[in-house]
Protein chains: 2
Amino acid sequence: MAQAQTLSRNQQIVLDIIEKSKGPLKAYSILFNVQKKGINAPQQIYRALDKLIEMGKIHKIESKNAFVACRSSDCEISKATAFSICESCEMVDEISDAKLSKYLSSFNHRKGMKFKRFNLEFFGLCKKCK
Amino acid sequence: MAQAQTLSRNQQIVLDIIEKSKGPLKAYSILFNVQKKGINAPQQIYRALDKLIEMGKIHKIESKNAFVACRSSDCEISKATAFSICESCEMVDEISDAKLSKYLSSFNHRKGMKFKRFNLEFFGLCKKCK
DNA sequence: TAACATCTGTTATAATATAACATTTTAACC
DNA sequence: GGTTAAAATGTTATATTATAACAGATGTTA
Ligand SMILES: [Zn+2]
Ligand SMILES: [Zn+2]
Ligand SMILES: [Zn+2]
Ligand SMILES: [Zn+2]
């Protein structure tokens with residue numbers, strides 16, 4: 001079981017904002033939102049983001065350079081992540097599908113590489129936008 | 001069948017460099033490499049990259065902000081891409097696996113989203129680095 | 001030769017991310 | 001408590017990645 005992580009002040013502030021957000025947030029938009037709390041520099045945001053990712057509390061959506069809170073427990077501390085992304089409205093949804101995760105986790109490339117981690121991003125139009 | 005695409009001068013220059021490279025290339029490293037050919041500005045690189053991606057000649061490795069030539073014909077003009085990425089040496093290899101591609105192309109999310117495209121990135125250590 | 005789309009060149013700037021260093025807080029140990 | 005080491009913080013500066021905006025050239029197509 002994942003042990004209860006105790007977050008530092010800045011980590012908690014950043015996580016709170018990401019968790020409250022309906023969609024993915026960019027680092028600088030997080031920064032602008034926390035300046036009232038005394039966080040003034042990108043470094044402070046990026047350091048918190050890095051730790052939160054390590055802990056599996058958030059994920060980075062690589063194709064958008066944006067961050068979402070983890071809503072799943074299948075993703076094993078960010079070792080196996082999958083998202084569906086609407087190309088129209090920016091919506092991102094974490095896919096939590098045990099079969100998919102198992103299928104990909106056991107996938108092995110011919111060329112002798114043993115995978116430790118994967119990230120999968122699906123793109124399309126969400127219900128609302130289609 | 002993909003029709004023979006005719007490339008513009010800048011597109012051809014950029015594609016040549018990417019195809020000759022053993023690993024993924026970053027936009028600004030491409031830029032520095034083509035300044036002798038009279039290309040001086042990032043815009044010129046990014047415009048060529050955009051078109052080459054549209055044509056399916058190259059892919060962007062999102063987790064690295066870098067570009068590789070397409071070595072596959074399964075990826076259907078960038079609608080279904082998968083890569084294995086070595087976390088140690090930067091090596092990137094395009095995965096061309098019909099079963100994987102079919103499995104993911106037919107994957108449908110519960111929440112009513114119909115996918116048009118996916119990108120999958122596996123991470124690990126390559127043969128040499130492990 | 002129009003008309004239109006595409007590509008080019010250029011300058012400027014926006015957006016994303018890290019380096020480096022000094023200091024403070026926290027947690028663990030004696 | 002006092003000592004230490006690790007983690008987190010604050011700060012300034014800078015590096016890296018990407019786009020905006022505009023003018024001109026080239027190239028189809030009718
Ligand atoms: Zn998750
Ligand atoms: Zn949508
Ligand atoms: Zn390809
Ligand atoms: Zn390697």
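Within every chain, numbering begins at 1; the chains are lettered A, B, ... in the order of the sequence lines, protein sequences first and strands thereafter.
- Contacts classified as salt bridge (charged side-chain N to carboxylate O under 4.0 Å, His left out) and involving residues 117-130 of chain B (residues at least two apart or in different chains) are given here: A/Glu87-B/Arg117.
- Rotation axes derived from the C1' atoms of the five outermost pairs at either end of the helix from C/dT1-D/dA30 to C/dC30-D/dG1 lie 40° apart, to the nearest 10°.
- Rounded to whole angstrom, the span from the CZ atom of A/Phe32 across to the C1' atom of C/dA14 amounts to 10 Å.
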Report, one pair per line, the protein and nucleotides 17-23 of chain D atoms (nitrogen or oxygen only) whose separation is under 3.5 Å.
residue, atom, partner, partner atom, Å
D/dT17, OP1, B/Lys26, NZ, 2.5
D/dA18, OP1, B/Lys60, NZ, 2.7
D/dA18, OP1, B/Asn65, OD1, 3.4
D/dA18, OP2, B/Tyr46, OH, 3.0
D/dA18, N7, B/Tyr28, OH, 2.8
D/dA18, N6, B/Tyr28, OH, 3.1
D/dA20, N7, B/Gln43, NE2, 2.6
D/dA20, N6, B/Gln43, NE2, 3.2

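- Using a 4.0 Å cutoff on non-hydrogen atoms, no part of residues 12-20 of chain A comes near DNA chain D.
- Every residue two or more places apart in sequence or in another chain was checked for a salt bridge (charged side-chain N to carboxylate O under 4.0 Å, His left out) with A/Glu19, and none qualifies.
- Looking at residues two or more places apart in sequence or on another chain, you find no side chain to side chain donor-acceptor pair (under 3.5 Å) involving B/Ser84.
- Annotation: side chain to side chain donor-acceptor pair (under 3.5 Å) contacts of A/Glu54 (sequence neighbours excluded): none.
- Take B/Lys60 and apply the side-chain contact (heavy atoms from CB on, under 4.5 Å) test, not counting sequence neighbours, and it matches B/Ile53, B/Glu62, B/Asn65, B/Phe67.
- Listed by chain and residue number, A/Asp93 satisfy the salt bridge (charged side-chain N to carboxylate O under 4.0 Å, His left out) test with B/Lys111 (two or more places apart in sequence, or in another chain).
- Considering only residues two or more places apart in sequence or on other chains, A/Gln43 meets the side-chain contact (heavy atoms from CB on, under 4.5 Å) condition with A/Arg47.
- Residues A/Met91, A/Ile95, A/Leu100, A/Tyr103, A/Phe107, A/Met113, A/Phe115, A/Phe118, A/Leu120, A/Phe122, B/Met91, B/Ile95, B/Leu100, B/Tyr103, B/Leu104, B/Phe107, B/Met113, B/Phe115, B/Phe118, B/Leu120, B/Phe122 make up the rest of the hydrophobic cluster containing A/Leu104, defined by ILVMFWY side-chain heavy atoms closer than 4.5 Å, directly or through other members.
- The side-chain contact (heavy atoms from CB on, under 4.5 Å) search around A/Lys64 returns A/Pro24, A/Ile61, A/Ala66, A/Ile85, A/Glu90, A/Val92, not counting sequence neighbours.
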